S.K.: 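Submitted below is the structure of interest, expressed as structure tokens.
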Amino acid sequence: MGILPERINFKMDLKKLIKKALVSSCVIFTVITAIYMLILQMINISAQQTAIQAERVLLFFVFSVLLAIANALLSVKALHTAVRHVVHYIIYIFGFWTCFCLPNSMTASQTLVGIVIFTLGYIAFMLIYTFFKKRIEKTKQPEEKYKKQFSGKNK
């Protein structure tokens with residue numbers, strides 16, 4: 001199998017990918033928003049400042065959709081594993097840059113530091129995720145039945 005698939009059933013696969021991405025983006029959006037609100041509560045911001053601005057909510061949603069698309073593409077088995085992971089990482093970094101770095105008017109050095117920290121977190125998370133995914137897949141694989149190769153009778 002090469003880098004690009006020879007043939008993909010786009011009609012069924014695309015429909016499943018879109019559905020998976022939409023559901024996933026809603027879950028990711030809810031988690032991001034909840035974590036953001038918890039952080040605001042932890043640092044004791046006054047009740048008047050706790051409200052989230054509409055622009056930030058939209059950025060959370062855009063970021064969630066990008067992450068969901070990246071995660072959905074990660075599950076496309078027709079693409080080579082390396083291609084899936086590189087595309088996944090690029091979409092994550094693009095989402096981080098467009099939804100967090102640009103709106104906060106970060107300088108080039110701040111953006112670089114943010115991307116490096118985000119990349120290190122991404123690598124750590126993906127290593128842990130891959131480790132557990134392989135362990136789960138290994139336990140789900142059925143064991144092959146033992147086939148006798150030799151007869152039990154002595155001549």
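For the numbers below, each heavy atom of this structure counts, side chains included, while hydrogens, waters and symmetry mates do not. Since the model is a prediction, treat every value here as computed from it, not as a measurement.
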S.K.: Quick one: pull up OG in Ser64 and CG in Leu22 and give me the separation to the nearest 0.5 Å.
M.R.: 12.0 Å
S.K.: State, yes or no, whether a side-chain contact exists between Glu137 and Lys133 at a heavy-atom distance under 4.5 Å.
M.R.: yes
S.K.: Give a yes or no on whether Met37 and Phe61 share a hydrophobic cluster (residues Ile, Leu, Val, Met, Phe, Trp, Tyr; joining criterion: side-chain heavy atoms under 4.5 Å apart).
M.R.: yes
S.K.: Of the non-hydrogen atoms in Ala68 and Ser25, which two are nearest, and what is the gap between them?
M.R.: CB-N, 3.4 Å
S.K.: Establish whether Val27 and Leu73 are linked, either directly or via other cluster members, by ILVMFWY side-chain heavy-atom contacts under 4.5 Å.
M.R.: no
S.K.: Hey, which of Leu67, Val62, Ile69 is the one that makes side chain to side chain contact (heavy atoms under 4.5 Å, CB included) with Val65?
M.R.: Ile69
S.K.: Rounded to the nearest 0.5 Å, what separates atom NE2 in His85 from atom CD1 in Ile90?
M.R.: 13.0 Å
S.K.: With a 4.5 Å heavy-atom cut-off, do Thr81 and Arg84 have their side chains touching?
M.R.: yes
S.K.: Quick one: CG on Leu59 to CG on Leu102, what's the gap to the nearest 0.5 Å?
M.R.: 9.5 Å
S.K.: Tell me whether Thr33 contacts the main-chain N or O of Thr30 through its side chain, where contact means a donor paired with an acceptor under 3.5 Å.
M.R.: no
S.K.: Are Val57 and Phe29 close enough that some pair of their side-chain heavy atoms sits under 4.5 Å apart?
M.R.: yes
S.K.: Determine whether Leu66 and Thr98 make a side-chain contact, defined as any pair of heavy atoms from C-beta on separated by less than 4.5 Å.
M.R.: yes
S.K.: My understanding is that only one of Tyr89, Phe63, Phe118 makes a ring-ring contact (aromatic ring centres under 6.0 Å, His included) with Phe96; could you say which?
M.R.: Phe118
S.K.: Looking at residues at least two apart in the chain, or sitting in another chain, which of them share a side-chain hydrogen bond (donor to acceptor under 3.5 Å, both in side chains) with Lys20?
M.R.: Ser75
S.K.: How long is the straight-line distance from SG of Cys101 back to CZ of Phe94, given to the nearest 0.5 Å?
M.R.: 12.0 Å
S.K.: Roughly how far, to the nearest 0.5 Å, is CZ of Arg56 from SG of Cys99?
M.R.: 11.0 Å
S.K.: If hydrophobic clusters are built by linking Ile, Leu, Val, Met, Phe, Trp and Tyr wherever their side-chain heavy atoms come under 4.5 Å apart, do Ile32 and Tyr129 end up in the same one?
M.R.: yes
S.K.: Taking Val87 as the starting point, is it possible to reach Ile28 by hopping between hydrophobic residues whose side chains are less than 4.5 Å apart?
M.R.: yes
S.K.: Does atom OH of Tyr122 have more than 12 heavy-atom neighbours, drawn from other residues, nucleotides or ligands, at distances under 6.0 Å?
M.R.: yes
S.K.: Is it possible for you to say whether Ile91 and Ile93 belong to one hydrophobic cluster, with membership spreading through side-chain heavy-atom contacts below 4.5 Å?
M.R.: yes
S.K.: Given side chains that start at C-beta, do those of Leu74 and Met126 come closer than 4.5 Å, heavy atoms only?
M.R.: yes
S.K.: When Ile117 is tested against each of Leu120, Ile115, Val113 for side chain to side chain contact (heavy atoms under 4.5 Å, CB included), which residue passes?
M.R.: Val113
S.K.: Give me the other members of the hydrophobic cluster that Ile128 sits in, counting Ile, Leu, Val, Met, Phe, Trp and Tyr linked by side-chain heavy atoms under 4.5 Å, directly or via other members.
M.R.: Phe131, Phe132
S.K.: Does the ring centre of His88 sit less than 6.0 Å away from the ring centre of Tyr92?
M.R.: yes
